[in-house]
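Step one of this worksheet: look at the structure below.
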Amino acid sequence: MPKTMFKLDLGKPMEEQAHPGHNRWHPDIPAAFSVDPGTAFRMECKEWTDGQIQNNDSPNDVRGVNLERVHVLSGPVYVNGVKPGDLLVVDILDVGVFQEYEWGFNGIFAKENGGSFLVDHFPEAQKSIWDFEGIYTTSRHVPGVRFAGIIHPGLIGVAPSLELLREWNRREEALKATNPDRVPPLANLPTPESAVLGTLKGADFDRVAREGARTVPPRENGGNCDIKNLSKGSRIFFPVFVDGAKLSVGDLHFSQGDGEITFCGGIEMSGWIDLKVDVIKGGMEKHMIKHNPVFKPGPVDPLYSDFLVFEGVSVDEKDGKQHYMDANTAYRRACLNAIEFLKTLGYTGEQAYMLLSSAPVEGHVAGIVDIPNACCTVAIPTQIFEKDILPG
Ligand code: ZN
């Protein structure tokens with residue numbers, strides 16, 4: 001078993017840890033530890049809200065969650081000898097749960113506090129708790145299903161350069177300025193509120209807290225991509241923007257459906273991850289991997305082979321407006337079609353929504369050329385249900 005290089009006390013908030021992690025992206029957040037290329041190591045991770053969500057039956061904690069606190073990340077890891085222009089190679093050797101924390105949660109964020117993909121249809125907060133038994137999970141809040149998770153980090157990324165950070169802040173400020181009062185917001189801009197920045201103190205803390213990018217969106221550094229198949233055995237190639245690359249990880253999911261549509265999120269959990277790092281010198285230019293990470297999925301996946309697939313096209317459900325090739329609308333329609341069907345099996349809309357966000361559901365862009373309709377699909381594995389769900 002690799003040596004644990006980042007250890008946590010699950011009972012304490014991130015800033016009170018022996019070595020605190022961080023919840024912003026900034027090149028000046030100090031590394032938690034350093035390793036040589038070729039080294040494998042273990043990092044412990046807290047669930048993304050830093051312990052705000054409890055194992056109970058009330059969604060009040062989801063409704064009132066402090067979103068300035070997310071995502072609490074483990075790291076950064078400084079990889080010796082790695083320079084901007086290199087590729088950082090990261091193998092996800094294994095991911096697992098803690099014995100004292102064999103459960104996770106999914107939640108629908110309230111419209112006024114975060115929102116979600118189907119926010120206009122589901123504006124109220126809701127929560128489901130999922131219990132783990134080995135590779136399987138079940139929920140007292142979504143009965144009649146049991147499935148194997150594809151366990152993965154929702155968030156893994158490297159630090160931006162100062163130049164890249166400024167570009168993120170510029171473009172996200174410009175987007176937000178187009179509708180500054182929108183609920184939920186168009187973007188989450190930097191804020192010192194609830195910032196955790198490793199061991200930074202004093203004036204440096206204040207500056208980095210003011211400038212540091214929020215961890216919510218995925219960006220050029222990877223980050224919160226929420227890719228369910230970025231699981232055990234995957235190899236990721238990250239473009240490197242700062243000395244040492246400064247790799248961070250967190251937001252572990254026991255399982256997740258494509259799109260993570262309820263926003264809170266997959267099945268969110270605390271746990272550990274074993275990583276191995278290496279470097280390809282000058283790899284960004286050589287392999288033209290410059291703008292976003294590239295990865296090879298691992299070979300460990302549950303063998304679900306039978307699906308019921310729901311289609312959606314880019315026509316707005318509210319007013320029948322024809323959108324041009326809009327995959328967002330088409331995916332929303334596919335999800336809504338799946339939810340309406342699941343309701344005929346006895347689920348509430350909220351239960352069906354949380355199931356789509358938690359189970360290993362496949363989302364695909366089927367067609368993006370057949371003007372004016374994009375077609376997206378949502379594929380639900382039929383074998384996760386206790387009973388036969390096929391029509392007829
Ligand atoms: Zn997550």
Side-chain angles (χ1 to χ4, degrees), residues 8 10 14 21-25 43-55 59 61-63 65-75 92 95-98 101 103-110 113-119 125-130 132 137 139 142 147 149-157 184 188 194 196 213-219 221-232 234 236 248-273 293 295 353-361 363:
L8 291 171
L10 291 185
M14 193 50 103
H22 61 104
N23 61 3
R24 300 291 189 270
W25 289 118
M43 296 171 84
E44 296 182 347
C45 302
K46 288 195 82 177
E47 56 83 9
W48 73 305
T49 73
D50 202 11
Q52 296 183 67
I53 309 301
Q54 304 301 312
N55 185 349
D61 47 15
V62 171
R63 183 179 302 116
V65 69
N66 172 12
L67 285 174
E68 317 306 337
R69 165 69 39 171
V70 304
H71 302 70
V72 286
L73 303 180
S74 301
I92 300 178
V95 193
V97 305
F98 294 124
Y101 201 95
W103 62 277
F105 59 89
N106 179 271
I108 304 170
F109 278 142
N113 192 21
S116 66
F117 184 50
L118 305 177
V119 63
Q126 193 52 266
K127 181 171 85 178
S128 53
I129 299 295
W130 295 80
F132 308 148
T137 185
S139 172
V142 186
F147 52 85
I150 313 177
I151 195 166
H152 61 275
L155 195 161
I156 183 165
N188 296 107
S194 296
V196 183
R214 300 297 309 278
T215 58
V216 178
R219 298 187 185 92
N221 66 329
N224 194 28
C225 291
D226 291 312
I227 300 168
K228 76 177 194 307
N229 301 91
L230 190 61
S231 181
K232 300 179 188 194
S234 296
I236 319 169
S248 298
V249 63
D251 187 27
L252 301 186
H253 297 158
F254 189 84
S255 175
Q256 185 209 292
D258 283 339
E260 205 198 27
I261 57 176
T262 63
F263 191 6
C264 180
I267 299 180
E268 306 293 329
M269 57 170 253
S270 295
W272 52 265
I273 185 163
F295 77 100
Y353 190 16
M354 291 190 287
L355 179 60
L356 290 184
S357 201
S358 301
V361 166

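In listed order, ligands and their atoms are each counted from 1. Only heavy atoms go into these numbers, but all of them, side chains included; no hydrogens, no water, no symmetry mates.
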Assess the side chains of Ser128 and Gln126: does a donor N or O sit below 3.5 Å from an acceptor N or O? no
On a heavy-atom basis, which atom in Arg69 and which in Met14 lie closest, and how many Å separate them? NH1-N, 4.2 Å
Gly114 and Pro184 have their tightest heavy-atom pair at O-CB, 3.4 Å
Here the N/O/S atom of Asp251 closest to the Zn ion (ligand 1) would be OD1
Is Asp226 close enough to the Zn ion (ligand 1) to have an N, O or S atom under 2.8 Å? no
Hey, is there an N, O or S on Cys264 sitting under 2.8 Å from the Zn ion (ligand 1)? no
So Phe132 and Phe254, would you call those rings parallel, tilted or perpendicular, with 30° and 60° as cut-offs? parallel
